[in-house]
Structures are given as C-alpha cells and as structure tokens.
Amino acid sequence: MARDYDIVDIEKKWQERWRESGLYEVSNDDPRERFYALNMYPYPSGSAHQGHVRNYTFGDLVVRYQSMKGKAVLSPFGFDSFGLPAENAAIKAGSHPRIFTDQRMAELKESVQRLGAVYDWRREVFSHDPAYMRWSQEIFLTFLENGLAYRAQAPVNWCPSCATVLANEQVVGDGVCDRCGTAVVKKDLEQWFFRITKYADELLESVDDLEWPERVKTMQRNWIGRSEGVEFDLPFVGHDLALRVFTTRPDTGFGVTYAVMAPEHPLLATVTTDEHRAAVTDLVARARAATDMERTASSDSGDNLSKRGAFTGAYVTNPFTNQPVPVYVADYVLGSYGTGAIMAVPAEDERDHAFALVHGLPIIRTIETPDGHEGPYNGDGVHINSGFLDGLDVAEAKKKAADFLAQSANGIEKVNFRLRDWLVSRQRFWGCPIPVIYCAGCGIVPVPREQLPIVAPDDVKMDQTGQSPLATHEPFWRTTCPTCGGEARRETDTMDTFTDSSWYFLRFADPFTEGKAFDPEVVAKWMPVDQYIGGIEHAILHLLYARFYMKALIDTGLATGIEREPFRRLFTQGMIRMDGAKMSKSKGNLVTPGQYYATVGADGLRLFHLFVGPPADDVDWTSQTDEVIDGCGRFLHRLYRLAHGEGVILRETEAEGDLAMRRQIHKTIAKVTDGLDRWTYNTSVAALMELLNAVSKYAREGDGARRDIFDEAIDTMLLLLAPMSPHLTSEMWEERHGEGQFVHAQSWPVADPELLVDEDVVMVIQVAGKVRARATVATTISEDEAIAIALAQPEVQALLNGATPSRVVARAPKLVNIVP
RNA sequence: GCCCGGAUGGCGGAAUGGCAGACGCGGAGGACUCAAAAUCCUUUGCCUGAGAGGGCGUGUGGGUUCGAGUCCCACUCCGGGCACCA
C-alpha cells in the first residue's frame, strides 16, 4: 500500500502556518473587491459542540472560497461575553463572572482554531472589554441625546419571594422565577427604553428587499405586526369624557354591543360607578397579580373568561346607532396596545363572541354569513343591519365607516404595531452599565464622555435579594453630579446584552481607530455584511435589534455613507438533533467534536457537515452518523492514495477517454462552484466524490491516464476541496507544488465552457411518455434528424405497429416523445 | 386558530417540466488474508419472472401538459414560528 498520512500532524502543522502567515488578516485599504463574511457573535459557552462545528465550517468555507475568488475577505471573530449564564455560574461558585467568561472564551477560541477556521484575530472584540464597553455606552448616550433612549415607568417581572426584579430570560416555564419557582408578578418600575417603534414602518418595509430565508422574513413581519384601522371616540353617557378605541373593522360598527377597557386604562376609576367599584377593583388587582401565562392563556373556557371581566356600570354611546352600550373591564384587552380600549363586536370577533356569551351580551350580525356558518364570522360578505352600510362588502364599508367616524366621532385612520419599544434595563451585574447619573436637582444627567467607560467594580455581591447587584455597592453608585457637583446616584442597571450584539459587526470593520466607536469611512468600506451565518434562534430579536441600531446609528450621525440594512444576505443553519431533541449542553446529549479529530480529522468532520444534507436542514445525529463520518474520512484517504499514484498507470500518449475525462473535470468545477454559490454544499461534495470515482477508474484501468490530465484532475480536486477540508488539501498542494505554496492562495478554478458541452449525448426515446429506447446522437442534431432516429428504433416500430403517430415532440438532442 | 416550511429506497439525501433514486451510509456476494481488520471489485427501489423482460413507484385525491417528484386545486400528516395585538 502506498504511504498514508497522519491527519493529526498535518492539521497541527497547517493551523500553525495559518496563524504565522497572517493569510487571513485583511487591511482596511485592501484594493480588491471586498467581502464581509460573518458568523453570529457567539456566547462563550466553552468548547465547541457540533452546532458550532457546523456553523464555523460553513463560515470558514465562505471565507476561503471568496478569498480564492480574489476578494478581500473580512473574517473577524469575537464574543458576546456578557450574560446571565456566567453570572449564575459565578453566584453558584462564589466566583466572578469574568473568570468563567475568560476561560470559556479561551476554550471556544481554541475549538474554532482546532477546526481549522481562520480569522483576522487582530480584530477580535468581546463585549466585556472596557475598550468595547466604552463605545457601547457612548452609543447609549448618543441615543439619549437624540431622543431614541428614554426612561419610563414599565411593568417588570417581579419575584415576590426573592424580592427582586427578573430579566425576561429569568422567567421560565409557566411564568415562574427560575431561582425559587415562585410565580412572577408585574411591578411598575422606571426603566430605560430604546425607541425602536420609531422605525417600525421602515423595519417592516425593508424586510422585503433582504436576501434572507423567507421564514425569517415572515417572523420579522409577524413580530412587527402592522395593522391599519381607525381610532375614534365613544362618548361616555353622563360624563364629559370619551372612550377612545382602535379598530381594524370600523365597518362592523353597527354590531357594537359593548365596549371594553383594559385593567390598566387611566379612565377606569373615573367612570366606574360606586355600585360596581368593588368588582372592578377586584378584577384589576387579580389582573395585575396574574402571571403573563394566566393572562394570555388561550383556554377559552367560559369559566375562565367570566372571571376575567366585570361591568363598570358605565355606558358609552355607539356613534353608529346612537344607542348606549355597556362598558366592561377585561384583561383580554391590553393596556399597551392601541388605545387600551376596544369596541366589541361579538358577531364578527371570536374573543368578543366568547366574552359576550359568558356575560349574556347581545350579538348582532352585521355581515351576511355563508350558508350553515355558525359562531363569529370574520370573512367577507354583504353588510346587513348596518344602516348606511347595508349592501356593501367589507372593503367598501370600511372606507365609508371611516369617513363617517372622521366626521362624527373624531375618527382618524391609524396604523398600529405589535412591536413595542425595547426595554433595555436589566437588574443584573454581568452587563454593560448604563452611563447615566441621577441628581436631585438636575434630574437625569449623562455621564460625560471623557469619564467612559463606566466599569463595574469587582467586589460586588451578586447573590442579593434586592434590585440590581450594583445598587448594593455604595462606592459605585455614590457619586457627584457632573452638572452641579451635588450629591448624586449612578444608574445601577445594566444594558440588555442584545445591545452588545447590535453593533459589534461595525467594530469588527474598524477595531483600530482610537477615539471613536469606529471610523464611518472604514465601516462604509466593509458594510454591509455580505454573508451573515447563524442559528434560526436569532431570527427575531437579535436581527431586529441590529437592524434598528444600524438605522439609529446612521440617523444620529455615528455612521455615514452606508446602507441602512446591516446584513445583505443571511443564512440560517439547521439544528443538530438527537433523539428528536436539540443537541445542547443543557440537555446533556452532546457529541463532542474532539473524538473525531484523531480518526478523520477536522477535515473529515467538516466534510461530513457539508455532505450530510442541505445546510439549512436539521441534522439528526443517529447510530449511522459515525459511519457517514467515516465515509467522509475514507474519501479523503482515497484521494490521497490516488494522488500518490497507488495503482495508477501514467502515459504520455493520447487515448480514448482522455477528452471525456477532461469534460468531467470541468463539469465538476461548474457543479461544485454552483453548489457553493447556492448553498447546496452536499451536492458539491457529491460531485467531488463522483469525480474521484471517475478519475480512479480512468487512471487505474485499461491504458491508464495521460499524465497532464491526471495532474489536472488531482489539482482541480484539491482546489475545489480546499475550502471544505483545508488541511489535507494544503499539505497535498505543497507536496505537489513545492514548499511555500498555499492552495488557498490559488485562484478558484474556472470551467472551460467548451468542455462543458458534450459531443455525443444519449437521447431518450419515449412512446407515450415511457422510455422505450435510447440512442447516442450528436449534441448538434436537428429536431428532424432526432425524430427520424427515434422512429427508426425497432422498439418504437413494434409499439406503433405500423400506425402513424398522432404527435411527435422533439427536444433535440435530449429526448423524443412519440404519441401513438 | 393564523403564518412559514416539509413529506422521494432500509437510512441521509439528488433531480431548469424531459431516463426518479446522483453521492454517501447500510445490506448481500466476491477478491486479498491462516484469520480478522483495512482495502478493492460486483450488486442493491418494490412486485413478478429461471431469464430476457414486464408491471408498479416520489404522503392522499383531482387537474394542467406530449410528458409532473417538480406547476395548479383540495386534503392528510410532520416540523417550526406567532397567538387574546382589537
């Protein structure tokens, strides 16, 4: 047997070479066409698992492929290093989150390097680096100055047992505290918000232009949730007040038989009559105490609903009918959406219908239902019982009703969004401190920029039952007002870690500039990200927040001359699953990559992840998986042995089969390239396997291979495989072309168009759509010639039995279909 | 409930409206070996047939087409997202 290789040695050697050579360091003034490839900012969770391997295999393939295509590729790496897991681990161990985080960052970094993924490590960024925090905080201040950050009272998650505020992520399962299991309730606290709703329209509209997976785009659209309707007044009977409501169905106004206020509605106490006050107060108290789960539970049992609504004793006048209708309070109406009150149309709205049944409220149909329809109907139809709207369809009636409300009830057409402003305050320690100071005299005072970054001290007790850990550290929060010099108090909340991951890609583009977050000119050179790669779990929040940041940074002048969308193309990879569950550390079903490095190497494991199926699909890790991984390793060994001439017969003379071999080489170039461009990596790998099979046959059987064609075949395979399995291809390329030759520094091969077209082709001859014969014909054959050949086939003659075909379809040179 | 995906051999999967099942895994048989591993070769959708061959076949039922895994309509099941947002 020909000599074989030691994959562990080879991978070690090349990983060192790549580190030393700086092959993937890219300068900001590189004149080549730019390409920004980016994997999503990872949370440093320690050694890489298969999900990481998959993610970074795809990312590294893009980097090396685009680089071989002659682009200046920006390939940075960093860590989303703030966050709860480190804080919780530190509390448990009586340690500091930084210790955990730094260690886990080192582990993940080591893992991606062991995989052979290459980055420009000079650009490394991590969220808890004071040099990064400085700019995270400055961006906050800029948002504050521009009215994009504001402070407001908001209901937060409160654990009565721990007496502390919880971040959303700490509320688990059925709305209970993840520490003690107590039901979480809402409590109003002053919180910081980012005004993301200012961009709701733009965030929604520009989704259309993104080259993103359709389902991610849909999820973004649903989350933003735009709806058009009318806002108008329902005047209270006996008060000089009106209940303002929002509806998308003004056309159903004649069917309004009651109105509903949210428990949080500011007018509720005023309009409630004394007779009903006790019941209303009771309901409001229970709504506030209810967990989100209870309140939004969609169990439409009448029992449940009856508890959740109460009559206020008040009436409003329906402007359509001029009749009074009762006003209820119910927690199925949200204080935070629309006007916090609705007109209820039980005949045409499911929720109103269910509520009306329980409370014995009248139901008046205003739209003719299809035959046999029962229950609420929200489809199109002709209006009935609707005065001036009778006979109109929904679209016509909406328009007319909106006009009517504009004249008679202060109606205005209004667009509402499901999207709320982004609550960024977190009562946690391991995050970026919010850089403001509270002064009794001056109010909210931004920390002067020259005092940034505000970094939390190390000696903070995190395991507190109270509010933010930083609030227990007096030397931190006690300060003086930068404006008046008086006693003041620092903000002790930290920012949501999603703020850190909302601009890191800009810092990657320019981590070198001192004195600002980034140089807008440099950033404009690299942005937008050409290929963003990550998990589907970030389909909504991270991507939405980063999109918002980009727009806000442009509008506040921090970024200029740059596209308003940060990520031009997005690819979301599938999950790794085992026994139906997502493979994850918390589920304890990890299959670590380490065990494969000794057998098939990182190269073989990478090849497996590319080959196992379409990159976007989930991967089921089964009992067969190890065999498939071995198969990928086997392919690499077969290539190596063939290249080293095992069983190969070489000749200088020409022979039959030479041209066919060259054709297949060039067809493979086209196929692999197409697969890489279309993210169908599994087919690219398959094409390489096919080529290897063919070359093996060509070189080992009969007359053997012409030397130059054999070399062309091997070199082409190495080039095409280089982005997938970079170590072995590097080693083999160096063996073949000499010390100092990098396969990844070569140009990506280009298929010769003349070799993509065959001289002869097998034409399929069908009778009535079934294949009955085949004939080898020239590619240039005419339709008439094709038909003549087809009709001459004995199989065709037999089936036609002398009859004249009723129809003959020719698609020369591929197919002729004869219809008897 | 609404929205988005998906369904192809024993398995992962391939296939511009034109030979369904490329490629790989697994299986079967063989070569090499004292033997095994490794490697190599042959074979492998299902039914039928000794064989040549024939028939069937891409979740179900219709449709368009000379021709449908692919396009259209209706449905079933599976996965995911959203869900009192008026």
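Letters A, B, ... are given to chains in the order of the sequence lines, protein chains preceding strands, and every chain is numbered from 1.
A salt bridge does not link A:Lys414 with A:Glu228: none of the charged nitrogens is closer than 4.0 Å to a carboxylate oxygen. Electrostatic pairing of A:Arg221 and A:Glu214 counts as a salt bridge here, judged by a charged N lying under 4.0 Å from a carboxylate O. Here A:Lys667 does not pair with A:Asp674 in a salt bridge; the nearest charged N to carboxylate O distance is not below 4.0 Å. A salt bridge between A:Arg244 and A:Glu231 is present, with a side-chain N of the basic residue lying under 4.0 Å from a carboxylate O of the acidic one. A salt bridge between A:Asp618 and A:Arg54 is absent, with no side-chain N of the basic residue lying under 4.0 Å from a carboxylate O of the acidic one.
Checking B:C40 for Watson-Crick or G-U wobble geometry (two distances, each under 3.5 Å) identifies B:G30 as its partner. Nucleotide B:G53: paired with B:U48 (Watson-Crick or G-U wobble, both distances less than 3.5 Å). Within the shown strands, B:G10 is the pairing partner of B:C25 under the Watson-Crick or G-U definition, both distances less than 3.5 Å. Nucleotide B:G18 has B:C66 as its partner under the Watson-Crick or G-U criteria, with both atom distances under 3.5 Å. For B:G1, the paired nucleotide is B:C82, the pair qualifying as Watson-Crick or G-U wobble because both relevant distances are below 3.5 Å. When Watson-Crick and G-U wobble pairs are counted only if both distances are under 3.5 Å, B:A74 pairs with B:U60.
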Under 3.5 Å, which protein N or O atoms sit close to an N or O of nucleotides 64-68 of chain B? Give each pair with its distance.
unit_1: B:C66; atom_1: OP1; unit_2: A:Arg807; atom_2: NH1; d: 2.5
unit_1: B:C66; atom_1: O2'; unit_2: A:Asn817; atom_2: ND2; d: 3.3
unit_1: B:C66; atom_1: O2; unit_2: A:Asn817; atom_2: ND2; d: 2.6
unit_1: B:C66; atom_1: N4; unit_2: A:Arg811; atom_2: NH2; d: 3.4

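For the pair A:Tyr377 OH and B:G1 C1', the computed distance is 16 Å after rounding to whole Å. In this structure, the CG atom of A:Leu642 is 11 Å from the P atom of B:C40, given to the nearest Å. Separating the CD1 atom of A:Ile629 from the C1' atom of B:G13 is a distance of 16 Å, rounded to the nearest angstrom. Following rounding to the nearest Å, A:Glu348 (CD) and B:A86 (P) show an atom-to-atom distance of 16 Å. The separation between A:Ile536 atom CD1 and B:G5 atom P is 12 Å, rounded to whole Å. Atom CD in A:Glu627 sits roughly 12 Å away from atom C1' in B:G27 (whole-Å rounding). Computed from coordinates, the A:Tyr681 OH to B:A22 C1' distance equals 20 Å when rounded to whole Å. For A:Tyr332 and B:A83, the OH to C1' distance is 16 Å, given to the nearest whole Å.
Nucleic acid contact class of A:Gly338 (heavy atoms, under 4.0 Å, all strands): none. Counting any heavy atom pair closer than 4.0 Å across all strands shown, A:Pro614 reaches sugar-phosphate atoms only and no base atom. Residue contacts for A:Gln624: at a heavy-atom cut-off of 4.0 Å it reaches a base atom on one of the strands shown. Residue A:Asn693 is in sugar-phosphate contact alone, with no base atom involved, counting any heavy-atom pair closer than 4.0 Å across all strands shown.
Side-chain proximity of A:Arg634 to the nucleotides B:A86, B:G26, B:A15 is greatest for B:G26. In the set B:C19, B:C40, B:G24, the nucleotide with an atom closest to the side chain of A:Val764 is B:C19. Listed candidates were B:A86, B:C23, B:C40. Nearest to the side chain of A:Ala686 is B:C23. The side chain of A:Arg774 lies closest to B:C19 when the candidates are B:G12, B:G13, B:C19. Of the candidates B:A22, B:C25, B:C40, B:A22 carries the atom nearest the A:Glu690 side chain, counting heavy atoms from C-beta on. Taking only side-chain atoms of A:Thr247, from C-beta outward, the nucleotide of B:C56, B:A86, B:A14 with the closest atom is B:A86. Comparing B:G79, B:G24, B:C19 by their nearest atom to the side chain of A:Met689 picks out B:G24.
Taking atom P in both B:A20 and B:U70, one finds a spacing of 14 Å when rounded to whole Å. Distance check on atom P: B:G59 versus B:A14 gives 14 Å, rounded to whole Å. Here the separation of B:U64 from B:G17, taken at their C1' atoms, is 12 Å to the nearest Å. Atom P of B:U43 sits at a distance of 23 Å from the matching atom of B:A37, rounded to the whole Å. Between the P atoms of B:A7 and B:A15, the separation comes to 12 Å (whole Å). Straight-line distance between the C1' atoms of B:G12 and B:A83: roughly 35 Å, to the nearest whole Å. Between B:G21 and B:G57, the two P atoms lie 16 Å apart (nearest whole Å). Taking atom P on both nucleotides, B:G13 is separated from B:G6 by 13 Å, rounded to a whole Å.
The aromatic ring centroids of A:Phe193 and A:Trp422 lie 6.0 Å or more from each other. Between A:Tyr328 and A:Phe355, a ring centre-to-centre spacing shorter than 6.0 Å is recorded. Taking the six-membered ring for Trp and the full ring otherwise, the centers of A:Phe320 and A:Phe404 sit less than 6.0 Å from each other. Between A:Trp621 and A:Phe608, the distance from one ring center to the other falls under 6.0 angstrom. Two rings, from A:Tyr5 and A:His637, have their centers less than 6.0 Å apart.
To the nearest 0.5 Å, atoms CD (A:Gln595) and CG (A:Asp626) are separated by 6.5 Å.
Side-chain contact annotation: A:Asn416 with A:Ser227, donor-acceptor N/O pair under 3.5 Å absent.
Residue order along RNA chain B, read from the 5' end via each residue's closest nucleotide, puts A:Val771 first among A:Ala687 and A:Val771. Both A:Arg418 and A:Ser336 lie close to RNA chain B; mapped to their nearest nucleotides by heavy-atom distance, the more 5′-ward contact belongs to A:Arg418.
No donor-acceptor pair under 3.5 Å is formed between the side chain of A:Thr572 and the backbone N or O of A:Gly535.
A:Lys814 has no side-chain polar atom (N or O) that falls below the 4.0 Å cut-off from OP1 or OP2 of B:U16.
For the segment residues 215-231 of chain A, residues with any heavy atom less than 4.0 angstrom from an atom of RNA chain B are, sorted by number, A:Arg215, A:Thr218, A:Met219, A:Ser227.
In this entry the base of B:G9 is syn relative to its sugar, with a glycosidic angle within 90° of 0.
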